[in-house]
There are 2 protein chains.
Amino acid sequence: MKPHVNFRSGVPVYLQIVQQVKAAAAGGALRPGEALPSVRALAEELRINRNTAARAYAELESEGVIETRQGAGCFLKANGVSPLKRAVRSDRLAAELDAVIVQAHHLQVGDDDLKSLLAARLEAFRERQQTRSAD
Amino acid sequence: MKPHVNFRSGVPVYLQIVQQVKAAAAGGALRPGEALPSVRALAEELRINRNTAARAYAELESEGVIETRQGAGCFLKANGVSPLKRAVRSDRLAAELDAVIVQAHHLQVGDDDLKSLLAARLEAFRERQQTRSAD
DNA sequence: CACAGTGTCCTATGACATTAGGACAGTCAA
DNA sequence: TTGACTGTCCTAATGTCATAGGACACTGTG
């Protein structure tokens, strides 16, 4: 878990942290129950304010990704069943995919290329997962 | 071209317009060379300020989607060849797809389901395109 | 040319998000 | 209990977004 932030990207720093923790959790770089860096430690490493780190963790807790215990720290939650219904989950993904499709159109990437690209990224993702769970 | 904006979504209004114009252009609802609503007309229809509409158009021009001619109006550009190299274009899409994959993981949507979902959205997108180009 | 339409630029203002520092409260081991 | 750690709350500074209105330059038509 070694996050990095880009202050000039326009994306709020706390959201960048949220994304990276989620990616680390999904990819297996973080294990369920494992402690995350404290808000102060994370803030110092990234040279940001404590509150910015705290806000990222608060957002992660509200999304059910981590659990925070005041005075103790923040810990990655076990992958419980998503509380959202299957249809709702598909809808959310569909909206994101639609945006990608529009983007692909403007970048002039064809349907088949896009499908292949997804398959390739999925494979790379699973490979990274395997690597993490091996050590 | 009948955009709509959501003031409570948190997404800046001008970016919502940008996204919708891009989607309309990709989907064929707007044809190359076609004139977009004037800054003032769009502002009045959406009940937003001229400057907000102008900002959206400025952003679209900087991305090469439209062409603005002062005194004349804004027009959809012809789908020229993307100036980016194929590898760069794939990289951009890959980054977006990776984010979708992480999201799918947290929503507990499997690889095959995700692939099917992409295929379905692509099909729906092409159907909309067909409909537009028919009238 | 005149004129109505177009996009552009300027300043000011208010609302909100983001970041920041200081103070406070809970946890846990020595 | 003490002390060092943890997360949390409060308030302020800064930046962004949207609004508002005025003024200007350009285009196309008559």
Side-chain angles (χ1 to χ4, degrees), chain A residues 1 3-22 25 30-77, chain B residues 1 3-22 25 30-77:
Chain A
M1 195 54 215
H4 54 277
V5 292
N6 180 355
F7 291 94
R8 287 175 245 174
S9 72
V11 181
V13 169
Y14 83 99
L15 283 183
Q16 293 183 43
I17 299 172
V18 166
Q19 273 301 101
Q20 289 180 45
V21 170
K22 282 163 103 173
L30 276 174
R31 314 285 182 81
E34 191 175 338
L36 278 73
S38 74
V39 287
R40 284 172 177 79
L42 181 63
E44 190 173 359
E45 185 179 6
L46 300 181
R47 310 193 177 218
I48 59 176
N49 191 269
R50 298 193 307 268
N51 291 317
T52 305
R55 180 162 188 187
Y57 284 176
E59 174 70 19
L60 284 165
E61 175 162 48
S62 80
E63 293 188 34
V65 178
I66 68 173
E67 179 184 10
T68 82
R69 295 201 292 273
Q70 183 170 348
C74 295
F75 308 87
L76 190 64
K77 263 195 175 177
Chain B
M1 194 54 213
H4 55 276
V5 292
N6 180 356
F7 292 94
R8 286 175 242 174
S9 72
V11 181
V13 170
Y14 83 98
L15 283 183
Q16 294 183 43
I17 299 173
V18 166
Q19 274 300 103
Q20 289 179 46
V21 170
K22 282 163 106 174
L30 276 175
R31 315 285 182 82
E34 190 174 340
L36 279 72
S38 77
V39 167
R40 285 171 176 80
L42 181 63
E44 189 174 358
E45 185 179 6
L46 300 182
R47 308 191 179 219
I48 60 177
N49 190 268
R50 298 195 305 267
N51 294 319
T52 305
R55 181 165 186 184
Y57 284 176
E59 173 71 18
L60 283 164
E61 175 162 48
S62 80
E63 293 188 34
V65 178
I66 68 173
E67 180 183 10
T68 81
R69 294 202 293 272
Q70 183 170 344
C74 294
F75 306 87
L76 190 64
K77 263 197 175 178

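In what follows, chains are A, B, ... by sequence order, proteins preceding strands, each numbered from 1. Only a predicted model underlies this, so the values are computations on that prediction, with no experimental measurement involved.
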Just to verify, what does Gln19(B) make a side chain to side chain contact (heavy atoms under 4.5 Å, CB included) with, not counting sequence neighbours? Lys22(B)
Can you name the side chain to side chain contact (heavy atoms under 4.5 Å, CB included) partners of Glu34(A), sequence neighbours left out? Leu30(A), Arg31(A)
Let me spell it out: for each of Ala54(B) and Tyr14(A), pick the nucleotide of DNA chain C with the closest heavy atom. Which residue's pick is nearer the 5' end? Ala54(B)
Quick one: does any side-chain atom of Gln16(B) pair with a main-chain N or O of Val11(B) as donor and acceptor, under 3.5 Å? yes
Please report, rounded to the nearest Å, how far the C1' atom of dT8(C) is from the CD atom of Glu61(B). 11 Å
OP1 or OP2 of dC5(D) versus the side-chain N and O atoms of Ser38(A): is any pair under 4.0 Å? no
Expressed as a whole number of angstroms, how long is the span from Glu44(B):CD to dA18(D):C1'? 18 Å
Sorted by chain and number, sequence neighbours left out, side chain to side chain contact (heavy atoms under 4.5 Å, CB included) with Ser38(A) holds for Arg40(A), Ala41(A)
Whole-Å distance, Glu59(A) CD to dA17(C) P, equals 13 Å
In whole angstroms, how far is the C1' atom of dA18(D) from the CG atom of Leu42(B)? 14 Å
Would you indicate which nucleotide in dG7(C), dG7(D), dT18(C) comes nearest to any side-chain atom of Cys74(A)? dG7(D)
Between dC9(C) atom P and Arg55(B) atom CZ, what is the distance in whole Å? 13 Å
Could you give the CD-to-C1' distance, from Gln16(A) to dT18(C), as a whole number of Å? 12 Å
Atom-to-atom span, CD of Glu67(B) to P of dT8(C) - whole angstrom: 12 Å
Could I get the full list of salt bridge (charged side-chain N to carboxylate O under 4.0 Å, His left out) partners for Glu44(A), not counting sequence neighbours? none
Going by side chain to side chain contact (heavy atoms under 4.5 Å, CB included), name the residues that satisfy it together with Asn49(A), two or more places apart in sequence or in a different chain. Asn51(A), Thr52(A)
Where protein sits on nucleotides 19-30 of chain D, one letter per nucleotide: B base, S sugar-phosphate only, - none, heavy atoms under 4.0 Å: BBBBB-BBB---
